[in-house]
Asker: 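Take this structure first; my questions come after.
As a basis for the values below, the full set of heavy atoms in this structure was taken, side chains included, without hydrogen atoms, waters or symmetry mates.
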Amino acid sequence: QVQLVESGGGLVQAGGSLRLSCAASGRAVSSYSMGWFRQAPGKEREFVANIGTISGTTYYADSVKGRFTISRDNTKTTVYLQMNSLKPEDTAVYYCAAKRGADRYNFLPEYAYWGQGTQVTVSS
């Protein structure tokens with residue numbers, strides 16, 4: 001069992017930055033691939049970014065590439081999402097998630113564990 005707790009959301013003006021954190025705990029948590037997803041009102045939850053467990057390879061949705069950076073601390077128990085140049089369309093609840101394996105990193109059903117989410121609101 002893995003527990004995930006997100007933090008760092010808030011209200012920011014367009015062009016600003018926020019850093020989200022996801023604290024992971026539980027058995028063998030460092031062996032999981034970690035992802036960030038987001039869900040805007042009235043929309044489906046969508047993939048944002050993923051970081052692998054061994055290689056640290058990162059993947060991003062096209063909509064955030066070049067603006068967001070996913071990273072992991074040395075203990076691999078905390079995952080970050082640095083969000084720069086934020087746009088109003090980035091407004092959503094952001095979720096941290098954990099999965100086994102490196103493939104299908106953008107496929108939501110692959111993730112077995114989810115956090116409760118943190119709200120990010122970008123004003124224009």
Side-chain angles (χ1 to χ4, degrees):
Q1 192 78 5
V2 173
Q3 294 80 41
L4 304 172
V5 179
E6 303 98 333
S7 61
L11 174 63
V12 63
Q13 289 189 331
S17 298
L18 279 176
R19 189 177 82 155
L20 305 183
S21 298
C22 173
S25 60
R27 183 178 177 85
V29 65
S30 62
S31 66
Y32 284 77
S33 169
M34 302 296 293
W36 286 97
F37 289 75
R38 66 186 182 186
Q39 187 167 18
K43 295 188 176 182
E44 293 186 352
R45 195 171 297 189
E46 64 176 7
F47 169 75
V48 174
N50 172 277
I51 185 165
T53 177
I54 297 175
S55 65
T57 302
T58 56
Y59 303 93
Y60 297 94
D62 288 342
S63 59
V64 307
K65 203 170 293 184
R67 300 188 298 123
F68 290 11
T69 302
I70 188 171
S71 62
R72 201 165 186 168
D73 72 343
N74 290 338
T75 65
K76 298 184 179 180
T77 58
T78 303
V79 178
Y80 305 98
L81 185 68
Q82 178 66 43
M83 305 185 294
N84 299 328
S85 302
L86 282 162
K87 306 174 181 180
E89 51 263 44
D90 294 318
T91 295
V93 177
Y94 283 71
Y95 296 90
C96 176
K99 70 182 291 295
R100 292 285 197 186
D103 59 344
R104 298 202 291 181
Y105 54 84
N106 59 345
F107 192 49
L108 191 150
E110 284 286 307
Y111 289 79
Y113 302 102
W114 293 82
Q116 81 289 350
T118 186
Q119 177 70 47
V120 171
T121 303
V122 184
S123 63
S124 56

Asker: Should we count CG of Asp103 as having more than 12 external heavy atoms under 6.0 Å?
Answerer: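 Yes, enclosed.
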Asker: Please, which pairs that meet side chain to side chain donor-acceptor pair (under 3.5 Å) have at least one residue in residues 9-24, sequence neighbours excluded?
Answerer: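 Output for this query lists Ser17-Asn84.
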Asker: Treat each ILVMFWY residue as a node, draw an edge where side-chain heavy atoms are under 4.5 Å apart, and state whether Trp36 and Val93 are in one component.
Answerer: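 Different hydrophobic clusters.
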Asker: Minimum heavy-atom separation for Arg72 and Gly52, please, with both atom names.
Answerer: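 Taking every non-hydrogen atom into account, NH1-O, 3.4 Å.
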Asker: Can we say Lys87 and Asp90 salt-bridge, meaning some charged N sits less than 4.0 Å from an Asp/Glu carboxylate O?
Answerer: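 No salt bridge links Lys87 with Asp90.
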Asker: Restricting to pairs with a member in residues 43-59, which pass salt bridge (Lys or Arg N to Asp or Glu O under 4.0 Å), not counting sequence neighbours?
Answerer: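 Those involving residues 43-59 are Arg38-Glu46.
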Asker: Would a distance-only check, ignoring hydrogens and angles, find a side-chain to backbone donor-acceptor pair under 3.5 Å from Ser30 to Thr53?
Answerer: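 No, Ser30 side chain to Thr53 backbone: no donor-acceptor pair under 3.5 Å.
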Asker: Would you say that Gln3 contacts Val29 through its side chain, given a criterion of any heavy-atom pair below 4.5 Å between the two side chains?
Answerer: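 When only atoms from C-beta onward are counted, Val29 and Gln3 do not touch, as no gap falls below 4.5 Å.
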Asker: What are the two closest heavy atoms between Ser33 and Asn50, and how far apart are they?
Answerer: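 Closest heavy-atom pair between Ser33 and Asn50: OG-ND2, 2.8 Å.
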Asker: Give, for atom CG of Leu18 and atom CD of Gln82, the distance between the pair rounded to the nearest 0.5 Å.
Answerer: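 Reported to 0.5 Å precision, the distance equals 8.5 Å.
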Asker: Group every Ile, Leu, Val, Met, Phe, Trp and Tyr by side-chain heavy-atom contacts under 4.5 Å, then state whether Ile51 and Val2 land in the same group.
Answerer: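 Hydrophobic grouping puts Ile51 with Val2.
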Asker: When you group the ILVMFWY residues by side-chain heavy-atom contacts below 4.5 Å and let the links chain together, are Val79 and Tyr32 in the same group?
Answerer: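 Yes; Val79 is reachable from Tyr32 via cluster members.
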Asker: Report the residues that fulfil ring pair (Phe, Tyr, Trp, His ring centres under 6.0 Å) with Tyr95, sequence neighbours left out, ordered by chain and then residue number.
Answerer: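 Partners of Tyr95 by the ring pair (Phe, Tyr, Trp, His ring centres under 6.0 Å) criterion come out as none, since no residue qualifies.
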Asker: Scan the side chains in residues 113-124 for donor-acceptor partners under 3.5 Å anywhere in the protein, sequence neighbours excluded, and list what turns up.
Answerer:
unit_1: Trp114; atom_1: NE1; unit_2: Tyr111; atom_2: O; d: 3.2
unit_1: Gln116; atom_1: NE2; unit_2: Glu6; atom_2: O; d: 3.4
unit_1: Gln116; atom_1: NE2; unit_2: Glu6; atom_2: OE1; d: 3.4
unit_1: Thr118; atom_1: OG1; unit_2: Gly9; atom_2: N; d: 3.2
unit_1: Gln119; atom_1: NE2; unit_2: Ala92; atom_2: O; d: 3.4
unit_1: Gln119; atom_1: NE2; unit_2: Thr121; atom_2: OG1; d: 3.3

Asker: Where do Ile70 and Met34 come nearest, in terms of heavy atoms and distance?
Answerer: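 Answer, listing the atom of Ile70 first, then Met34: CD1-O, 3.9 Å.
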Asker: If you look only at pairs with a residue in residues 50-73, which of them pass as a ring pair (Phe, Tyr, Trp, His ring centres under 6.0 Å), with sequence neighbours excluded?
Answerer: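 For residues 50-73: Tyr59-Tyr105.
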Asker: Tyr80: what forms a ring pair (Phe, Tyr, Trp, His ring centres under 6.0 Å) with it, not counting sequence neighbours?
Answerer: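 Listed in chain order: nothing, the list is empty.
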Asker: Just by modelled atom types, is the Thr78 backbone N or O under 3.5 Å from a matching donor or acceptor in the Asp73 side chain?
Answerer: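 It does hold such a pair.
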Asker: Please give me the minimum heavy-atom distance between Leu4 and Ala24, naming the atom from each residue.
Answerer: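 Answer, listing the atom of Leu4 first, then Ala24: CD2-CB, 3.6 Å.
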